[in-house]
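FYI, side chains are in, hydrogens and waters are out, and symmetry mates aren't considered; it's all heavy atoms of this structure. As the structure is a prediction and not an experimental result, all values here were calculated from the model. Numbered from 1 within each chain, the chains take letters A, B, ... in sequence-line order.
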Amino acid sequence: MRIVSGSRPTMTVRTRFAPSPTGYLHIGGARTALFSWLYARKHGGQFILRIEDTDLERSTEESVNAILEGMTWLGLEYDEGPFYQTKRFDRYAVIIEQLIDTGHAYKCYCSKERLEKLREEQMANKEKPRYDGHCRDGATPPSADAPYVIRFRNPQEGEVVVDDLIRGRVVFQNTELDDLIIARTDGTPTYNLTVVVDDADMDITHVIRGDDHLNNTPRQINILRALGATPPSYSHVPMILGADGKRLSKRHGAVSVMQYREEGYLPEALLNYLARLGWSHGDQEIFSIDEMIELFDVKDVNKSASSFNPDKLLWLSQHYIKESDPQHVARHLSYHLGRLNIDPAPAPELSDVVKAQRERAKTLVEMAANSTFFYQDFEHYDDKAAQKNLTAATRPALAQLRERFTALPDWLPEVIHQAVIDTAEALGEKLGKVAQPLRVAMSGGTVSPPIDVTVHLIGRERTLARLDKALAYIDSTVSA
RNA sequence: GCUCCCUUCGUCUAGUGGCCUAGGACGCUGGCCUCUCACGCCGGUAACAGGGGUUCGAAUCCCCUAGGGAGCGCCA
């Protein structure tokens, strides 16, 4: 017998993301979710969110919330769900009963001790550890109330062919598969059963998931067939490695999606990065969400694992900060300013600050940190900056700037710019000799947007006050 | 150990027998621009894991080797 998985072209595409709530939404899961979401969107189908919480020991509500929060931040909205498997136990029980009735499943009374011993022996004999079918052909209960699990009676002959959309044709011999447990001693169903029942019940047409599930696929197809259901199409996406080529873990830095928000990334930057990790469309690097939906195809996903490259993400981050609508960036930036206890409500307009800063920040965290002086007076000058720029030699320039600024008819960048140039010319100095001291007086340090833009944004009143402060500072250090 | 999967610059990748003395991007790097920091622009660096075939011709097809990974749970 040959069992082949295939797609059902006549049905509308329905994909799902099915995380188990045992932690936050991580990068790998987010990419799988993204691919599933893109595929559904591209084909005008539905994307379903299903929480696989059958492991009562490890599943937590906090994890569920963290996953939901991550999905929301990324903008991966689902059309149905979230469905919780723990709320479907009755349904699984019916299916398990059905499998027993049709002879596709049986009660197994083997003790954990026996199984453990069996496994050890097989390992010692260099065999693949697997269930030996002890109870497969009718076991007599050790006692009337003996505990038992339910096992799926896997075919012992033939092969299962998985026509994976990413890996191509993968063939498994049924002789390699053993009779897996589908219901625990306490009656609760296990993963391989619930995933199959749900995918069938929810009419999932395309299963896109991590390739750690590839080896489970033939078992799931066998259960599906026993149920008389048509297997969905499968796509197993390779895993994401850390920058060192090792499995991604906490020590590689951020693995949680929400941590990227904390670190100042725009969701579209992360999405673009994740999309390009394993998937490509020619030489194109930048994809808007709409372009991804239009161009994505699971067939174009690579077969090999890829390493996470923080530098490239940073590049994309800067790209989106630079190219996105300033209002949009401002909304995300205000979150980070809030974390610095800065209220961007008073002047200057935050989107104007974004326009001034967007070419010199790779993340919103960086932009927020470099923008504090627009909203708050700084306490101290940077030592080196002050030593070099706030001196007796630069005092005349600052004094003259104060005079000219006071007299300006309009407070506009062009006019301010001209005033700085005029000051330099009047003193016979190069522009930098005037602009840089002014910059330090305005920002407390040596880095800021173009000086005219900076001064303009700070506003006349505060500009004059900061010039006064700088002049006083010079006087105090010179006389000291 | 067994089964399954993977292998192009440091990294992400293009490439589906001739367009490849292998293209793009990130990074690194030389230069230009410049009021700081940046942005931008121009240039450079660097790869088909190894070995056998098939073919007039192979990064592309086949085989072997090596390396990496996943699975083998009353986890998902």
Practice item. Check whether any side-chain N or O of R119(A) sits under 4.0 Å from OP1 or OP2 of G73(B), and answer yes or no. Key: yes

Return the polar atom pairs (N/O with N/O) between nucleotides 59-67 of chain B and the protein under 3.5 Å, or none.
none

Review point. Hey, which of these two, S307(A) or Y131(A), hits RNA chain B nearer its 5' end, going by closest nucleotide?
Key: S307(A)

Practice item. Between C6(B) and U65(B), how far apart are the C1' atoms? Round to whole Å, please. Key: 16 Å

Point to revise | C72(B) phosphate, OP1 or OP2, under 4.0 Å from R219(A) side-chain N/O | key: no

Practice item. Kindly say whether, by distance alone, the side chain of D53(A) makes a donor-acceptor pair under 3.5 Å with the base of A76(B)? Key: no

Practice item. Step by step, work out the side chain to side chain contact (heavy atoms under 4.5 Å, CB included) result for R50(A) and F17(A). Key: CA-CA 6 Å; R50(A) 184 171 76 221; F17(A) 177 50; over 6 Å; no

Check your understanding: Looking at U7(B), C72(B), C4(B), which one has an atom nearest to any side-chain atom of K128(A)?
Key -> C72(B)

Review point. In whole angstroms, how far is the P atom of G69(B) from the CD1 atom of I240(A)?
Key: 17 Å

Check your understanding: Taking a pair as Watson-Crick or G-U wobble with both distances under 3.5 Å, which nucleotide is matched to A70(B)?
Key -> U3(B)

Point to revise | Geometric cation-pi criterion, R151(A) with Y131(A): 6.0 Å, 45° | key: yes

Check your understanding: If you measure from the P atom in G52(B) to the same atom in A58(B), how many Å do you get, rounded?
Key -> 13 Å

Check your understanding: Quick one: R130(A) CZ to C2(B) P, roughly how many Å, whole number?
Key -> 13 Å

Review point. Reading nucleotides 23-45 of chain B 5' to 3', which nucleotides get B (base under 4.0 Å from a protein heavy atom), which S (sugar-phosphate only), which -?
Key: BBBBS-------BBBBSS-----

**Study point:** Where at least one partner belongs to residues 427-440 of chain A, residue pairs that pass side-chain hydrogen bond (donor to acceptor under 3.5 Å, both in side chains), sequence neighbours excluded
**Key:** Q436(A)-R439(A), R439(A)-S448(A)

Study note, to complete from the structure: Between N215(A) and K112(A), the residue closer to the 5' end of RNA chain B by nearest nucleotide is N215(A)

Practice item. Please state how far atom CD1 in I286(A) lies from atom P in C12(B), giving the value in whole angstrom units. Key: 18 Å

Practice item. Determine the contact category for E176(A): base if any of its heavy atoms lies under 4.0 Å from a base atom, sugar-phosphate if only primed atoms, P, OP1 or OP2 are that close, otherwise nothing. Key: sugar-phosphate

**Study point:** L241(A) CG - A70(B) C1' separation (whole Å)
**Key:** 12 Å

Practice item. Identify whether any heavy atom of V170(A) sits under 4.0 Å from a base atom; if not, whether one sits that close to sugar-phosphate; answer base, sugar-phosphate or nothing. Key: sugar-phosphate

Exercise for review: Could you give the distance separating U16(B) and A59(B) at their C1' atoms, to the nearest angstrom?
Suggested key: 11 Å

Review point. Over how many whole Å does the gap from H236(A) atom NE2 to C5(B) atom P extend?
Key: 12 Å

Exercise for review: May I ask you to verify if any side-chain N or O of T54(A) is less than 4.0 angstrom from the OP1 or OP2 atom of A76(B)?
Suggested key: yes

Practice item. Please state whether the rings of Y234(A) and H236(A) are parallel, tilted or perpendicular, taking 30° and 60° as the class boundaries. Key: parallel

Exercise for review: Look at S306(A) and U13(B) and indicate whether a side-chain polar atom (N or O) is within less than 4.0 Å of OP1 or OP2.
Suggested key: yes

Check your understanding: Where does C39(B) land, syn or anti, once you apply the within-90°-of-0 test for syn?
Key -> syn

Practice item. To the nearest Å, give me how far apart CG (D212(A)) and C1' (A76(B)) are. Key: 9 Å

Review point. Across all strands, who's sitting opposite A25(B) as a Watson-Crick or G-U wobble pair, both distances under 3.5 Å?
Key: U11(B)

Study note, to complete from the structure: pair_partner(C41(B)), Watson-Crick or wobble, both distances < 3.5 Å, evaluates to G31(B)

Review point. If we take the C1' atom in both C9(B) and A22(B), what is their distance in whole Å?
Key: 10 Å

Revision key, fill the gap. Among the nucleotides A14(B), A76(B), C72(B), whichever has the atom closest to the side chain of N302(A) is A14(B)

Review point. Mind checking the P distance from A46(B) to U11(B)? Whole angstroms is fine.
Key: 16 Å

Review point. In whole Å, what separates the P atom of U8(B) from that of C48(B)?
Key: 11 Å

Exercise for review: Starting from P on A70(B), measure out to CZ on R209(A) and report it in whole angstrom.
Suggested key: 17 Å

Check your understanding: Is there any side-chain hydrogen bond (donor to acceptor under 3.5 Å, both in side chains) pair reaching into residues 268-285 of chain A, and which pairs are they, with sequence neighbours excluded?
Key -> E268(A)-H328(A), N272(A)-Y320(A), R276(A)-E285(A), Q284(A)-E291(A), E285(A)-K312(A)

**Study point:** Donor-acceptor pair between Q156(A) and N174(A) side chains, under 3.5 angstrom
**Key:** no

Review point. How is G278(A) classified with respect to the nucleic acid when contacts are heavy atoms under 4.0 Å: base, sugar-phosphate, or nothing?
Key: sugar-phosphate

Check your understanding: When the ring centroid of F378(A) is compared with that of F373(A), is the distance short of 6.0 Å?
Key -> no

Point to revise | With sequence neighbours excluded, residues passing side chain to side chain contact (heavy atoms under 4.5 Å, CB included) with P326(A) | key: S351(A), V354(A), K355(A), R358(A)

Practice item. Sequence neighbours left out, what pairs pass side-chain hydrogen bond (donor to acceptor under 3.5 Å, both in side chains) with at least one residue falling in residues 18-32 of chain A? Key: none

Check your understanding: Applying a 3.5 Å limit to both distances, which nucleotide forms a Watson-Crick or G-U wobble pair with C61(B)?
Key -> G53(B)

**Study point:** Over 12 foreign heavy atoms within 6.0 Å of CD, E61(A)
**Key:** no

Practice item. Kindly give the heavy-atom pair with the smallest separation between K246(A) and D244(A), and that separation in Å. Key: N-OD1, 3.0 Å

Review point. So, for H380(A) and Y473(A), is the gap between ring centers shorter than 6.0 Å?
Key: no

Practice item. Give F172(A) one of three labels, base, sugar-phosphate or nothing, depending on what nucleic acid heavy atoms sit under 4.0 Å from its own. Key: sugar-phosphate

Review point. Mind checking the P distance from C42(B) to C61(B)? Whole angstroms is fine.
Key: 35 Å

Practice item. Please report, rounded to the nearest Å, how far the P atom of G15(B) is from the CH2 atom of W279(A). Key: 12 Å

Review point. How far, in whole Å, is U29(B) from C35(B) if one measures between their C1' atoms?
Key: 26 Å

